[in-house]
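Taking it in order: structure first as structure tokens, then the write-up.
Everything quoted here is computed from the prediction, not taken from an experiment.
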Amino acid sequence: QSGHTAVLRALINARASIDLTDGSNCTALHLAAEGGHAASIQALVDAKATVDVKGGDDDNTPLHRAARLGHRDAVQILIAAQASVNILDGDRQTPLHRAAWEGHNTVIGALIAAKARVDIPDSEMWLPVHSAARRGHAAAVKLLINAKAHVNVVDGDLWMPLHGAACCDDRATVEALVEAKAIINL
């Protein structure tokens, strides 16, 4: 968890089980991804750690954790190791949902470049663009729109991304959605 790469490499060389889980069902790769410890992530990937392993309270993967916390280097290492960019966690969210909610634009860009789908609904029927709009992340919304996100899709409460942006009083996000032809008279 602290990114002690030299100690980690010594344990790997001693043939420690790299996919062993803790009390939260998380592996060392989960913890390294959460901390953004790129060198430790690379060491674990090189040792063939399972990159799409699910764990934690919300049954997420290391890529979900790195994306949520904006650790771009960690995200890129995991993508290069063939982590699934469209894998669902316990809330049916992809790593792109997690990055969009937090407005981590460089991570959003990396995920989109790796072919992350912008049209996967989560358990509340939110697309990543709903998440970014609801939090007022105008630049993230624009990235998602440029990746062909649908701006007129309703969620489980029959809200479109424009509703979320208006609710949080974010003019830049509202303008981005209107420019992308969001329905304004519904």
Side-chain angles (χ1 to χ4, degrees), residues 1-124 126-132 134-135 137 139-140 143-144 147 149:
Q1 190 171 6
S2 299
H4 300 293
T5 308
V7 172
L8 178 61
R9 288 187 195 280
L11 290 168
I12 290 169
N13 290 338
R15 304 218 187 282
S17 175
I18 57 173
D19 284 331
L20 192 64
T21 59
D22 65 9
S24 298
N25 204 31
C26 293
T27 65
L29 191 55
H30 280 100
L31 300 175
E34 185 168 327
H37 303 296
S40 294
I41 294 166
Q42 190 64 61
L44 289 161
V45 164
D46 291 345
K48 306 293 185 230
T50 305
V51 294
D52 283 336
V53 62
K54 292 185 177 186
D57 292 339
D58 54 358
D59 209 21
N60 60 31
T61 66
L63 185 57
H64 282 97
R65 288 179 179 218
R68 176 177 52 88
L69 294 167
H71 299 308
R72 182 184 52 100
D73 293 341
V75 166
Q76 290 178 323
I77 292 167
L78 291 165
I79 288 171
Q82 305 302 308
S84 173
V85 295
N86 293 312
I87 194 166
L88 303 177
D89 66 12
D91 295 321
R92 293 193 39 82
Q93 292 193 339
T94 64
L96 186 57
H97 282 96
R98 298 295 180 159
W101 179 256
E102 299 296 341
H104 296 306
N105 298 330
T106 59
V107 171
I108 292 168
L111 290 166
I112 289 170
K115 307 290 187 235
R117 290 178 45 199
V118 297
D119 61 346
I120 298 175
D122 69 8
S123 61
E124 301 293 325
W126 283 31
L127 302 180
V129 70
H130 284 96
S131 298
R134 183 66 178 94
R135 294 288 298 260
H137 299 304
L143 283 170
L144 293 163

Does the [X] side chain pair with the main chain of [Y], one donor and one acceptor, at a distance under 3.5 Å?
| X | Y | answer |
| --- | --- | --- |
| His30 | Leu63 | no |
| Asp122 | Glu124 | yes |
| His97 | Leu88 | no |

Any non-hydrogen side-chain atom of [X] less than 4.5 Å from a side-chain atom of [Y]?
| X | Y | value |
| --- | --- | --- |
| Thr94 | Arg117 | no |
| Leu96 | Val85 | no |
| Gln76 | Ile79 | no |
| Leu44 | Leu8 | yes |
| Arg65 | Thr61 | no |
| Leu69 | Val107 | no |
| Leu31 | His37 | no |
| Asn105 | Leu143 | yes |

- Do Asp19 and Thr50 get their side chains close enough for a donor-acceptor pair, meaning under 3.5 Å?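 There is such a pair between these side chains.
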For a quick check under 3.5 Å, do Thr27 and Thr21 share a side-chain donor-acceptor pair by atom type?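 Their side chains do not contain a donor-acceptor pair, so the 3.5 Å distance test is not met.
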Taking all non-hydrogen atoms of both residues into account, name the closest pair between [X] and [Y] and its distance.
| X | Y | result |
| --- | --- | --- |
| Ala39 | Thr5 | CB-OG1, 3.6 Å |
| Gly36 | Ala74 | CA-CB, 4.5 Å |
| Ala140 | Gly103 | CB-CA, 4.4 Å |
| Cys26 | Gly56 | SG-N, 3.5 Å |
| Val45 | Ala81 | CG1-CB, 3.4 Å |
| Ala38 | Asp73 | CB-CB, 4.3 Å |

For this session: Under the side chain to side chain contact (heavy atoms under 4.5 Å, CB included) rule, what do Ile87 and Lys54 come out as? Steps first, then yes or no, please.
Result: CA-CA 10 Å; Ile87 194 166; Lys54 292 185 177 186; 3.8 Å; yes
Worksheet item: Within a radius of less than 6.0 Å around CG of Asn13, do more than 12 heavy atoms belonging to other residues, nucleotides or ligands occur?
Response: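 Yes, the 6.0 Å shell around CG holds more than 12 heavy atoms from other groups.
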* To do: Could you check Arg72 against Val75 for side chain to side chain contact (heavy atoms under 4.5 Å, CB included), going step by step and ending with a plain yes or no?
  => CA-CA 5 Å; Arg72 182 184 52 100; Val75 166; 5.5 Å; no
Margin query: One pair to check against side chain to side chain contact (heavy atoms under 4.5 Å, CB included): Arg134 and Trp126. What are the steps and the verdict?
Written below: CA-CA 10 Å; Arg134 183 66 178 94; Trp126 283 31; 3.6 Å; yes
Let me confirm one number: the [atom1]-[atom2] distance from [X] to [Y], rounded to the nearest 0.5 Å.
| X | Y | atom1 | atom2 | answer |
| --- | --- | --- | --- | --- |
| Leu111 | His104 | CG | NE2 | 11.0 Å |
| His4 | Ser40 | NE2 | OG | 8.5 Å |
| Asn60 | Asp91 | CG | CG | 9.5 Å |
| Ser123 | Gln93 | OG | CD | 6.5 Å |
| Leu127 | Ile120 | CG | CD1 | 9.5 Å |
| Arg15 | Ser17 | CZ | OG | 12.5 Å |

> Can a salt bridge be assigned to the pair Asp59 and Arg92 using a cut-off of 4.0 Å between side-chain N and carboxylate O?
Replying inline: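 Salt bridge absent between Asp59 and Arg92.
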Before you tell me yes or no, could you show the steps for Asp89 and Arg68 under salt bridge (Lys or Arg N to Asp or Glu O under 4.0 Å), namely the whole-Å CA-CA distance, both residues' side-chain angles and the distance that decides it to 0.1 Å? CA-CA 12 Å; Asp89 66 12; Arg68 176 177 52 88; over 6 Å; no
query: Step by step, would you call Val129 with Val118 a side chain to side chain contact (heavy atoms under 4.5 Å, CB included)?
result: CA-CA 8 Å; Val129 70; Val118 297; over 6 Å; no
